[in-house]
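Residue numbers start from 1 in every chain, and the chains themselves are labelled A, B, ... in the order their sequence lines are given, proteins ahead of strands. Every heavy atom of this structure was used, including side-chain atoms; hydrogens, water molecules and symmetry mates were not. Please read all numbers here as calculations on a predicted model, not as lab measurements.
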Amino acid sequence: NAGVTQTPKFRILKIGQSMTLQCTQDMNHNYMYWYRQDPGMGLKLIYYSVGAGITDKGEVPNGYNVSRSTTEDFPLRLELAAPSQTSVYFCASRENRAGELFFGEGSRLTVL
Amino acid sequence: GNSVTQMEGPVTLSEEAFLTINCTYTATGYPSLFWYVQYPGEGLQLLLKATKADDKGSNKGFEATYRKETTSFHLEKGSVQVSDSAVYFCALSAQTGANNLFFGTGTRLTVIP
């Protein structure tokens with residue numbers, strides 16, 4: 001019962017470095033999402049995908065990129081990390097556009 | 001457009017107190033409504049849901065009724081426990097639009113013994 005798995009759980013980056021947050025789900029869900037959650041705040045949608053090969057921008061896409069080459073995987077790429085990207089990142093998936101979301105445990109990123 | 005307005009927090013209650021967290025929504029058509037809970041250091045998980053008007057979602061002693069006439073989906077629990085301390089998010093899934101998910105800002109609940 002893996003569900004949605006995110007790696008790494010914690011990461012510290014220096015300004016200007018790049019990295020990829022990995023997200024994989026084993027539920028054969030078509031819809032996948034990346035959110036960020038700043039301290040004490042709600043969720044902001046970064047990117048989403050409605051199926052393999054299809055991605056689209058959410059509310060706060062600047063500084064990020066995604067790809068969806070398979071149904072299972074939806075990695076989030078941070079290019080040229082900035083302190084403003086310090087946050088907790090959550091990946092989520094759902095079976096269809098009306099269903100419940102399943103969340104990963106989150107990836108805590110600090111940019112110094 | 002679609003949106004969710006949620007009661008501002010934080011909320012602090014004594015154990016066994018009654019809980020209400022207000023949630024109202026704006027949506028076209030007939031959205032599905034959800035409450036998610038986030039325990040400290042964890043991701044969000046579904047608490048309950050309702051997919052049509054007058055449906056009542058319930059789980060772990062929490063309840064919420066989908067009220068179309070008042071566009072509300074208030075979360076209630078008759079007697080809270082310390083273990084209910086968490087952040088609660090109201091959300092809707094709209095009928096139309098590629099990105100059809102909308103979350104409230106979250107309400108932090110702290111229950112003290």
Q.
Let me check something: do B:Leu46 and B:Ile21 share a hydrophobic cluster, defined by ILVMFWY side-chain heavy atoms less than 4.5 Å apart, either directly or through other members?
A. no

Q.
Quick check on A:Ile12: does its CD1 atom have over 12 non-hydrogen neighbours (other residues, nucleotides or ligands) under 6.0 Å away?
A. no

Q. Linking I/L/V/M/F/W/Y whenever their side-chain heavy atoms sit closer than 4.5 Å, directly or via other members, would B:Leu44 and B:Met7 fall into one cluster?
A. no

Q.
Tell me which of these, A:Gly104, A:Ala92, A:Ala98, has more heavy-atom pairs under 4.5 Å with chain B than the rest.
A. A:Ala98

**Q.** Same cluster (ILVMFWY, side-chain, under 4.5 Å), A:Leu76 and A:Phe102
**A.** no

Between chain B and chain A, going by a 3.5 Å limit, which atoms form donor-acceptor pairs, if any?
unit_1   : atom_1 : unit_2   : atom_2 : d
B:Tyr36  : OH     : A:Leu101 : N      : 2.8
B:Gln38  : OE1    : A:Gln37  : NE2    : 3.0
B:Gln38  : NE2    : A:Gln37  : OE1    : 3.0
B:Ser93  : OG     : A:Arg94  : NH1    : 3.1
B:Ser93  : OG     : A:Arg97  : O      : 2.7
B:Gln95  : O      : A:Arg97  : NH1    : 2.6
B:Gly97  : O      : A:Arg97  : NH2    : 2.1
B:Asn100 : OD1    : A:Arg94  : NH2    : 2.4
B:Asn100 : ND2    : A:Arg97  : O      : 2.8

Q | Separation between CZ of B:Phe103 and CG of A:Leu45, rounded to the nearest 0.5 Å | A | 9.0 Å

Q: Any chance you could measure A:Leu101, atom CG, to B:Leu101, atom CG, to the nearest 0.5 Å?
A: 5.0 Å

Q: Scan for disulfide bond (SG atoms under 2.5 Å apart) pairs involving residues 10-113 of chain B, sequence neighbours excluded, and state none if there are none.
A: B:Cys23-B:Cys90

Q) In chain order, what residues pass the side-chain contact (heavy atoms from CB on, under 4.5 Å) check against B:Thr70, with sequence neighbours excluded? A) B:Arg67, B:Ser72

**Q.** Heavy-atom neighbours of A:Met41 CE exceed 12 at 6.0 Å
**A.** no

Q) What residues, two or more places apart in sequence or in another chain, satisfy side-chain contact (heavy atoms from CB on, under 4.5 Å) together with B:Pro40? A) none

Q. Considering only heavy atoms, which portion of B:Ala91 lies under 4.5 Å from any heavy atom of chain A: side chain, backbone, both, or neither?
A. neither

